[in-house]
Amino acid sequence: MEAGGYTGIPGMPGEETTRYLPVAEHGLIGDLRSAALVGSNGTVDWYCCPRFDAPSVFAAILDADRGGAFELAADVPARTKQFYFPDTNVLITRFFADDGVGEIQDFMPIGDDSREADRHRLIRRVVCVRGTLPFRARVAPRFAYGTEPHTVHRQEGQAVFESPSLSLALTATVPLEVTGPDVWSLFKLHEGETAVFALDRVGGALAPRACAVAEAERQFTATVRYWRRWLSQSRYRGRWREMVHRSALTLKLLTYAPTGAIIAAPTTSLPEQIGGERNWDYRYVWVRDAAFCVYALLRLGFTAEAEAFMGFLTERVSLDAAAREGPLQIMYGIDGRHDLPERELRHLEGYRGSSPVRVGNGAVHQLQLDIYGALIDSLYLYDKWGQPISSAHWDRVGELVDWVCAHWDQPDEGIWETRGGRRPFLYSRLMCWVAIERAMRLARHRGLPADTPRWERSRDAIYRRIMEHGWSAERHAFVQSEDGAVLDASVLMMPLAKFISPTDPKWLATLEALGEDLVSDSLVYRYDPLASPDGLRGEEGTFSICSFWYVEALTRAGRLDEARLAFEKMLTYANHLGLYAEEIGRTGEQRGNFPQAFTHLSLVSAAFNLDRALG
């Protein structure tokens, strides 16, 4: 690939593919409050400030013309390679040209000083490591998803971008030129020379602050030290240490430090199908992710993160007995807010023309009964491996389980958040069973008060309903919804949730049926949208979390050779940095929001359990 920005000529064949890098050609940096995607061409084309869910400053990944970008690259034809500084989230993009080799070191310092943390400083350090290289930079912010105009004021070594909602200061150690709303720089570096760009949020008590070469070096060293110290807590020593640790570092990047919330992904509207409408905003906290987060973090040894996330779930997520769709929402804002109104940004064309671009998420008010099992399972796991549950939390668990006992048999929108109407999904029933069963375990283990006879009756009724109406004699498998015939990868959770023995004949038959219908070279589709309409047009790729669930189901069934091969194959679908989007397309391309926490959580779980089984 040649270094540079977007070189497509409007109207020419292949325009969209030249104007947009593949989703997988990106790395992620962040400061535990916001994050940025950096392309392998050196361009920052996604950045929201001051929070993950704030309006974008750079959004060229959603509109190459209107979205805004921070381009920085060698000003001559060059090959590029990208990697993370070992054991950190500091991203290195290297440029190999005829006359020299250079690199950009991208990172966001993580400071203990809250005032400095409010800067959300993004540092781009350019180093010529061999020969001589010319570079060029273009800083073109487009505030509030490209809807707010801004002005640029230049002073010595600095340019300040001011919009009605946000002001950013760009400091640089090379000359800057202002052209309209953008700032440019052309400069040449000789071997051993360094140039620094720093982008800071300013305003109020945050005055512009220079970032000289020496200060950038100090912040680079401090950032490397922070990430290595954090990762040193990991207890994982298994076969896939590099991939597991990259997943852990990615999950940490997706953590909102002020509350402990973990977002599903740092992006919105990256499409599940190019040109399709399956484009959603994932910059929020899904209750469903809770058990997977707590399991993965505690298994790896990151108790502080698990504790912070549990604190978010139990303190900020309030129970609303009068709520229309149950006492819990399926998702919350990173600050615990309930209202996440969905709207379309019609002025943005979407990634490679994939509209609509959506912000907010209308699924927030869906009924998805499985979230109760996810939340209570996470509390059970945290009580087992972390801290014992408090009396106040137990009272809340009791209220939730009582509600589940009264409502488990309702149809709902299910784990996949379908927009095609409610149905009696098996996975929802399964996780209602988990909610009650885990609460009963907790009560027995800790001697806690519980309405055990009622809970037991409901638990057993759910079990019988699943075994009688979730099993299809025609398909010889457990199926997506009661008395149906459509297969669904979510049933892979049945042995993982300890509902059924992983060697039960009915389960082994289901595993065979899933392998025949939904598995393609170790990759797993959620379900067939043609056989099970979900209210949306278009197709989708394989779901990466389901692929890792499949590995774990094979592991628990004792099919270790198949499990290991499927896992190793799945690792080949990661991008060059070990990151995964939500889905994988027919030719191996990453699809959907990127990187996705759920996928990395399931990778950790599959690696841990496969490692243990292999011995």
Side-chain angles (χ1 to χ4, degrees), residues 22-28 84 236 238-251 254 264-265 270 272 289 292-293 295-296 299-300 415-416 487-493 495-496 502 510-527 540-614:
V23 168
E25 287 294 314
H26 291 87
L28 185 71
Y84 279 111
Y236 183 80
R239 293 167 175 80
W240 299 283
R241 188 174 178 183
E242 185 175 345
M243 287 298 292
V244 167
H245 281 177
R246 178 50 53 197
S247 291
L249 285 162
T250 302
L251 292 170
L254 301 182
L270 293 183
E272 297 176 17
D289 297 15
F292 295 94
C293 283
Y295 177 87
R299 279 303 200 199
L300 294 178
I415 179 177
W416 306 129
L487 296 181
D488 191 306
S490 64
V491 304
L492 286 165
M493 281 296 296
L496 276 58
T510 301
L511 197 55
E512 285 296 326
L514 291 171
E516 291 172 7
D517 272 36
L518 297 181
V519 179
S520 171
D521 187 41
S522 82
L523 301 177
V524 182
Y525 291 93
R526 296 188 298 178
Y527 54 87
E540 58 183 29
T542 57
F543 250 64
S544 295
I545 184 174
C546 298
S547 300
F548 285 120
W549 285 351
Y550 183 59
V551 169
E552 199 162 339
L554 290 172
T555 301
R556 291 173 187 254
R559 293 161 59 174
L560 298 185
D561 287 343
E562 292 175 71
R564 185 168 188 176
L565 180 59
F567 188 76
E568 294 286 0
K569 282 185 175 181
M570 191 59 196
L571 296 185
T572 70
Y573 289 102
N575 83 340
H576 58 291
L577 299 168
L579 304 180
Y580 290 90
E582 182 176 30
E583 298 184 12
I584 295 169
R586 289 185 183 276
T587 57
E589 75 278 10
Q590 303 268 2
R591 290 185 181 182
N593 286 306
F594 173 88
Q596 194 210 27
F598 224 172
T599 300
H600 287 278
L601 290 164
S602 59
L603 183 155
V604 170
S605 180
F608 185 90
N609 285 291
L610 181 55
D611 240 333
R612 186 170 56 181
L614 291 170

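Predicted, not measured: the structure shown is a model, and the values here were computed from it.
- Of the charged side-chain nitrogens involved, at least one lies within less than 4.0 Å of a carboxylate oxygen, so that E540 and R526 count as a salt-bridged pair.
- Checked by atom type and distance alone, the side chain of E242 never pairs as donor or acceptor with a backbone atom of G578 at under 3.5 Å.
- When ring centroids are compared, Y580 and F548 come within the 6.0 Å threshold.
- Below 30°, between 30° and 60°, or above 60°: for F292 and W549 the angle between ring planes is below 30°, a parallel geometry.
- L300 and A248 make their closest contact through CD1-CB, 4.0 Å (heavy atoms, listed as atom of the first residue, atom of the second, distance).
- Considering all non-hydrogen atoms of both residues, W240 and A607 come closest at CZ3-O, 4.0 Å.
- How far CD of Q596 is from CG of L251: 10.5 Å, rounded to the nearest 0.5 Å.
- Ion pair R591/E589 flagged as a salt bridge, since at least one NZ, NE, NH1 or NH2 atom sits closer than 4.0 Å to an Asp/Glu carboxylate oxygen.
- For the pair R612 and E552, the salt-bridge criterion is not met [side-chain N within less than 4.0 Å of a carboxylate O].
- A cation-pi arrangement, defined by a distance under 6.0 Å to the six-membered ring centre and an angle within 45 degrees of its axis, is absent between R299 and Y236.
- Put simply, the side chain of H600 reaches to within 4.5 Å of the side chain of L579, judged on heavy atoms.
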TODO: Let me see the working for L249 and R246 under side chain to side chain contact (heavy atoms under 4.5 Å, CB included), right down to the final yes or no.
DONE: CA-CA 5 Å; L249 285 162; R246 178 50 53 197; 3.5 Å; yes

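- When all heavy atoms are compared, the tightest approach of A489 to L518 is N-CD1, 3.7 Å.
- To the nearest 0.5 Å, atom CG of residue L487 and atom CG of residue L514 are 5.5 Å apart.
- From M493, atom CE reaches atom CD1 of I545 across 8.0 Å, with rounding to the nearest 0.5 Å.
- The two residues L254 and P595 make their nearest non-hydrogen contact at CD1-O, 4.0 Å.
- Counting only heavy atoms from C-beta outward, the side chains of W416 and D488 approach each other to under 4.5 Å.
- With respect to the salt-bridge test (charged N to carboxylate O, under 4.0 angstrom), the residues D521 and K569 qualify.
- Using a 4.5 Å heavy-atom cutoff, the side chains of Y525 and C546 are not in contact.
- For the atom pair T555 OG1 and D611 CG, the distance stands at 10.0 Å (nearest 0.5 Å).
- At least one donor-acceptor pair closer than 3.5 Å links the side chain of T542 to the backbone N or O of I584.
- Between atom OG1 of residue T599 and atom CE of residue M570 there is a gap of 6.5 Å, rounded to the nearest 0.5 Å.
- Nearest heavy-atom pair, L511 versus A553, reported as atom, atom and distance to 0.1 Å: CD1-CB, 4.0 Å.
- Although no hydrogens or angles enter the test, the distance criterion places no donor-acceptor pair under 3.5 Å between the side chain of N609 and the main chain of R556.
- Across every non-hydrogen atom of L610 and R564, the tightest pair is CD2-CA, 3.8 Å.
- We find the OG-CD distance between S544 and E583 to be 8.0 Å, quoted to the nearest 0.5 Å.
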Task: side chain to side chain contact (heavy atoms under 4.5 Å, CB included) assessment of C293 paired with L601 - done: CA-CA 6 Å; C293 283; L601 290 164; 3.5 Å; yes

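- In this structure, the side chain of Y84 engages the main chain of L28 through a donor-acceptor pair within 3.5 Å.
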